[in-house]
> 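Could you have a look at this structure, given as structure tokens, before my questions?
Computed from a predicted model, the values in this text were never measured in an experiment. Sequence lines set the chain letters: A, B, ... in the order given, protein chains first and strands last, and positions in each chain run from 1.
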Protein chains: 2
Amino acid sequence: MLHDPALTLAADTEPSLPRWQQIAQALRDDIVAGRFLPGERMPNELVLAERFGVNRHTLRQAVKALADSGFVRVLHGRGTFVRELVLDYALQRRTRLTQNLAESGERAQRELRHAEVVAAGTWAAPLRLQAREKVEVLHTRAIVRGRVIGVSVSAFPWRRFEGVAAAFAQTGSVTASLRRYGVSDYTRARSVVSCRMPTADEADALARPTSAPVLVVDYVNVDAQGVPVEAGTTLFASDAVQLSVSPEDFHAD
Amino acid sequence: MLHDPALTLAADTEPSLPRWQQIAQALRDDIVAGRFLPGERMPNELVLAERFGVNRHTLRQAVKALADSGFVRVLHGRGTFVRELVLDYALQRRTRLTQNLAESGERAQRELRHAEVVAAGTWAAPLRLQAREKVEVLHTRAIVRGRVIGVSVSAFPWRRFEGVAAAFAQTGSVTASLRRYGVSDYTRARSVVSCRMPTADEADALARPTSAPVLVVDYVNVDAQGVPVEAGTTLFASDAVQLSVSPEDFHAD
């Protein structure tokens with residue numbers, strides 16, 4: 001638990017809803033905000049009923065609603081557990097990490113871990129640069145419900161996007177950062193998905209054991225003229241993320 | 001090694017090619033046919049030169065050509081090794097395992113391991129059936145270069161496709177099997193990709209250790225009217241397969 005959940009009804013809870021729905025909403029907000037972590041056992045019924053000032057029947061209705069919507073799992077005789085996150089991350093024409101997750105009702109926060117300006121090297125080919133040209137490389141992580149779900153390393157052509165790390169640090173968004181350089185839109189040219197065990201450093205960055213495999217997405221994003229603007233690799237924690245691919249997500253505008 | 005490679009020039013080797021190219025082609029055929037397995041060390045230069053009846057210089061030219069085209073890796077002082085397979089498997093509008101690999105120059109063979117007719121159960125939702133309706137379930141495996149690269153479990157609505165296992169056993173192809181039931185075309189409605197450690201049985205079926213993660217693809221194929229014809233799960237060996245997703249592969253006809 002990151003810090004004590006309120007376990008009371010927030011001021012912005014819809015007052016016209018039945019009491020059990022208000023409680024379900026308050027508990028869901030606690031889960032989504034990471035105040036209860038995936039896998040954690042929630043306080044028992046009696047404790048929750050007392051804190052919300054309701055009877056056990058009302059509390060049970062709230063917990064059942066949470067279970068039906070996939071936020072918790074009730075294991076009889078063992079308690080109510082916050083479900084492990086399995087985020088459905090769509091690989092689509094416009095693949096945007098934060099927005100993608102927002103559509104599934106989750107709030108993702110992206111953080112810059114560090115950045116550097118280096119020779120393009122292996123990024124040269126996907127970005128169509130000369131190996132000696134520079135790239136600005138951002139090391140970021142994505143956090144959902146208080147938990148790291150993925151870490152990315154992505155490179156931007158430095159000549160065009162000098163200072164993009166600072167823009168990302170302010171905005172927490174690649175889309176908003178690129179807009180500052182006049183890139184109003186970009187699309188995913190290609191994603192390659194693989195699966196492997198993480199290195200010790202990667203496991204550490206993901207806050208997972210080295211025994212948990214990672215889902216790896218290598219990608220290239222291009223601007224409206226088809227010029228590469230970003231090449232990157234994201235490692236997703238395999239316990240938290242699955243990728244979905246649907247033809248309708250690729251329809252051109 | 002499955003059985004002794006010929007290490008001689010086959011009758012169908014292009015006779016107009018320079019000798020080193022003929023040898024490169026013969027060795028490549030041995031690799032693609034699985035007569036040398038991924039990771040295996042090839043016989044040393046002297047042995048190969050003698051068997052092909054050429055000098056070391058000619059043999060080296062052939063090996064260099066194989067290395068340049070990615071079939072072998074020359075580790076100085078250690079020998080020449082057949083490269084591990086990393087097949088690029090495209091998730092696209094028409095996702096066909098065998099044809100997909102054929103486009104990358106690999107020959108895939110699909111084998112029926114066993115089949116059963118059971119109540120739809122968890123297959124009911126993706127196939128839009130009632131849970132008590134029957135499905136014919138095929139357990140298959142795909143082999144490339146003599147090595148299992150993936151195992152699939154896929155379910156077909158039994159009422160429409162009774163006997164599809166027998167058709168698959170004859171044709172080695174889902175596409176050819178469905179054609180017998182009047183399904184001239186089908187498309188991939190959705191793929192969900194995840195990554196996990198295999199069970200002991202799954203590792204066994206893949207001929208991999210339980211310490212090697214698997215890339216999991218859950219999918220649904222639909223006919224021209226959008227009616228589900230097949231729902232399945234493929235486990236790909238993560239050392240052998242990566243999945244690619246490109247927008248142009250999803251253009252409607």
> How about A:Arg113: does its CZ atom have over 12 heavy atoms from other parts shown lying under 6.0 Å from it?
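Yes - once you tally the heavy atoms of other residues, nucleotides and ligands closer than 6.0 Å, there are more than 12.
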
> Given the options A:Ala212, A:Ser238, A:Ser211, A:Ser191, which has more heavy-atom pairs under 4.5 Å with chain B than any of the others?
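Among the listed options, the one with the most contacts to chain B is A:Ser191.
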
> Between A:Arg196 and B:Gln242, is any pair of side-chain heavy atoms under 4.5 Å apart?
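A side-chain contact is absent here, since even the closest heavy-atom pair is not under 4.5 Å.
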
> Please table the atom pairs, donor to acceptor, closer than 3.5 Å between any side-chain atom in residues 147-156 of chain B and protein atoms at least two apart or in another chain.
| from | atom 1 | to | atom 2 | distance (Å) |
| --- | --- | --- | --- | --- |
| B:Arg147 | NH1 | B:Glu84 | OE1 | 2.9 |
| B:Ser152 | OG | B:Thr234 | OG1 | 2.8 |
| B:Ser154 | OG | B:Glu230 | OE2 | 3.2 |

> What option among B:Leu215, B:Val217, B:Val193 has the most heavy-atom pairs under 4.5 Å with chain A?
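Ranked by contacts with chain A, first place is B:Val193.
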
> For the atom pair OG (A:Ser194) and CG (B:Asp239), what is the distance rounded to the nearest 0.5 Å?
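Reported value, rounded in 0.5 Å steps: 11.5 Å.
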
> With only heavy atoms counted, which part of B:Val216 is less than 4.5 Å from chain A, the side chain, the backbone, both or neither?
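Contact with chain A involves no heavy atom of B:Val216 at all.
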
> I need the A:Asp218 CG to B:Ser244 OG distance, nearest 0.5 Å.
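Between A:Asp218 CG and B:Ser244 OG, I get 11.5 Å after rounding to 0.5 Å.
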
> Is the shortest side-chain heavy-atom distance between B:Arg190 and A:Ser246 below 4.5 Å?
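B:Arg190 vs A:Ser246: side chains touch.
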
